[in-house]
Each structure stands twice: as C-alpha cells, then as structure tokens.
Amino acid sequence: MTLAPGRHARLLIMVERSDTAMKVGSGDVPVLATPRLLALAERATVQAIGDALGPGQTSVGTKVTLEHLAASPVGAHVEISAELISVEGRRLSFVFTARDRDAVVATGTVERVVVDRERFLAGLTR
C-alpha cells in the first residue's frame, strides 16, 4: 500500500430531486439531504485512495463528523473535495468540504480503515 497524506479527489454534482431530504426521508424540504451529502463525501474519500490500495484491499468507514452549514436546492451545483491528511498504519483520516458556488455548504472529517476484502467479508455474521 502506497498511501501518503495529500491524496485528494473532487466530485461535482447537480442536486437532483432524488438527492433531497424529502426523497431520502431525512426531512420534508427539497434541498440536498445531509445523508446524501455524507455519502458523496465518503465517495470522494474512496476515490482519493482507490488506485493506491493493494490487490484485494479496500477501505471501510469507521468515523465521521459533518457540519451541514447551508442548504442547496434542486439544480444547485455542489463540489465535494476530500483530502487524505493522516495515515497511521491502516487508519486513514480525511477532511472534506462541500461548496455551492463560493459558499461552503459543509465541512467534516472521515476516518477509514484499510482491510483485506475477503477477510472482512468472511468475518460477517448474520
């Protein structure tokens, strides 16, 4: 695994009705839902490290902080950027920011842990 701080990724989305709090059930207003924003931030972290993981490796989310600061209506263009800021063994720490034009929509952190995909899935119990 060749992971080092500084790896980053950016996503640009247009808020669709399917992204709204009304649609995902986290509220009753037609704006970008916080759970959807979190999923996008996590996607950016996955993209930031995807090509640096070894064969059979993946990462799983373990901890998140998110501050949703402003509403983004349907049709808004939101850019989500994530940067790897710390690597401690298998533990990876990221910061992310979401922007709608020049306004900061959200900020936060995501922690992920690198795991062996097969071992991780074999450990699941139902």
Side-chain angles (χ1 to χ4, degrees):
M1 177 170 65
T2 56
L3 290 169
R7 296 186 66 85
H8 63 279
R10 287 194 174 139
L11 305 173
L12 180 62
I13 64 124
M14 184 177 79
V15 178
E16 304 282 347
R17 292 198 190 286
S18 60
D19 298 317
T20 65
M22 290 174 69
K23 185 67 174 181
V24 303
S26 66
D28 63 1
V29 289
V31 298
L32 180 61
T34 302
R36 184 71 179 111
L37 181 56
L38 174 57
L40 293 164
E42 285 201 285
R43 182 192 305 171
T45 65
V46 168
Q47 287 183 2
I49 61 169
D51 64 348
L53 296 178
Q57 290 183 322
T58 190
S59 67
V60 295
T62 58
K63 184 177 181 181
V64 173
T65 63
L66 182 145
E67 189 170 5
H68 200 161
L69 303 167
S72 301
V74 172
H77 290 89
V78 178
E79 180 182 79
I80 301 96
S81 60
E83 181 178 355
L84 179 61
I85 60 167
S86 173
V87 178
E88 296 177 23
R90 297 183 307 124
R91 189 169 310 281
L92 312 174
S93 297
F94 298 83
V95 294
F96 70 87
T97 303
R99 294 181 180 276
D100 176 353
R101 294 182 214 160
D102 293 328
V104 174
V105 171
T107 61
T109 62
V110 174
E111 186 175 277
R112 302 186 71 79
V113 173
V114 176
V115 298
D116 178 272
R117 181 180 286 107
E118 286 185 26
R119 184 181 297 154
F120 179 79
L121 293 174
L124 297 178
T125 58
R126 286 220 157 212

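Values below: every heavy atom of this structure, side chains too, minus hydrogens, waters and symmetry copies.
When the side chains of ILVMFWY residues are joined at heavy-atom separations under 4.5 Å, either directly or via intervening members, Leu40 and Leu12 end up in two distinct hydrophobic clusters. Note on Val113 and Phe120: same hydrophobic cluster, where clusters join Ile, Leu, Val, Met, Phe, Trp and Tyr whose side-chain heavy atoms are under 4.5 Å apart, directly or indirectly. One hydrophobic cluster, built from ILVMFWY side chains closer than 4.5 Å, cannot hold both Leu66 and Val95; they sit in different ones. The hydrophobic cluster containing Met22 does not contain Val31, counting ILVMFWY residues as joined when their side-chain heavy atoms lie under 4.5 angstrom apart, directly or transitively. Linking Ile, Leu, Val, Met, Phe, Trp and Tyr residues whenever their side-chain heavy atoms come within less than 4.5 Å leaves Val46 and Ile80 in two separate clusters.
Considering every non-hydrogen atom in both Ala82 and Ala44, the closest pair reads CB-CB, 3.7 Å. Between Arg17 and Lys23 the shortest heavy-atom distance is O-CB, 3.3 Å. Across all non-hydrogen atoms, the minimal contact from Gln57 to Arg117 is O-NH2, 3.6 Å. Considering all non-hydrogen atoms of both residues, Glu42 and Arg112 come closest at OE2-NH1, 3.3 Å. Considering all non-hydrogen atoms of both residues, Gly6 and Glu83 come closest at CA-OE2, 3.7 Å. Smallest separation of non-hydrogen atoms from Met14 and Gly75: CG-O, 3.5 Å.
Legend: residues meeting salt bridge (charged side-chain N to carboxylate O under 4.0 Å, His left out) with Arg91, ordered by chain and number and at least two apart, are Glu111.
Rounding to the nearest 0.5 angstrom, the gap separating the CG atom in Leu84 from the OG1 atom in Thr45 is 9.5 Å. With values rounded to the nearest 0.5 angstrom, Leu11 atom CG is found 6.0 Å from Arg43 atom CZ. Rounded to the nearest 0.5 Å, atoms CZ (Arg101) and NE2 (His77) are 10.0 Å apart. To the nearest 0.5 Å, atoms CG (Leu38) and OG (Ser26) are separated by 11.0 Å.
The shortest side-chain heavy-atom distance between Leu32 and Asp100 does not fall under the 4.5 Å cut-off. Within the 4.5 Å cutoff, side-chain heavy atoms of Phe96 are placed close to those of Val110. Contact annotation: the side chain of Val105 approaches that of His68 to within less than 4.5 Å [non-hydrogen atoms, C-beta and beyond]. Considering only heavy atoms from C-beta on, Val115 comes within 4.5 Å of Thr58 through its side chain. In this structure the side chain of Val24 never reaches within 4.5 angstrom of the side chain of Asp19, judged on heavy atoms.
Defined by atom type and a distance below 3.5 Å, a donor-acceptor pair is missing between the side-chain atoms of Thr97 and Ser81.
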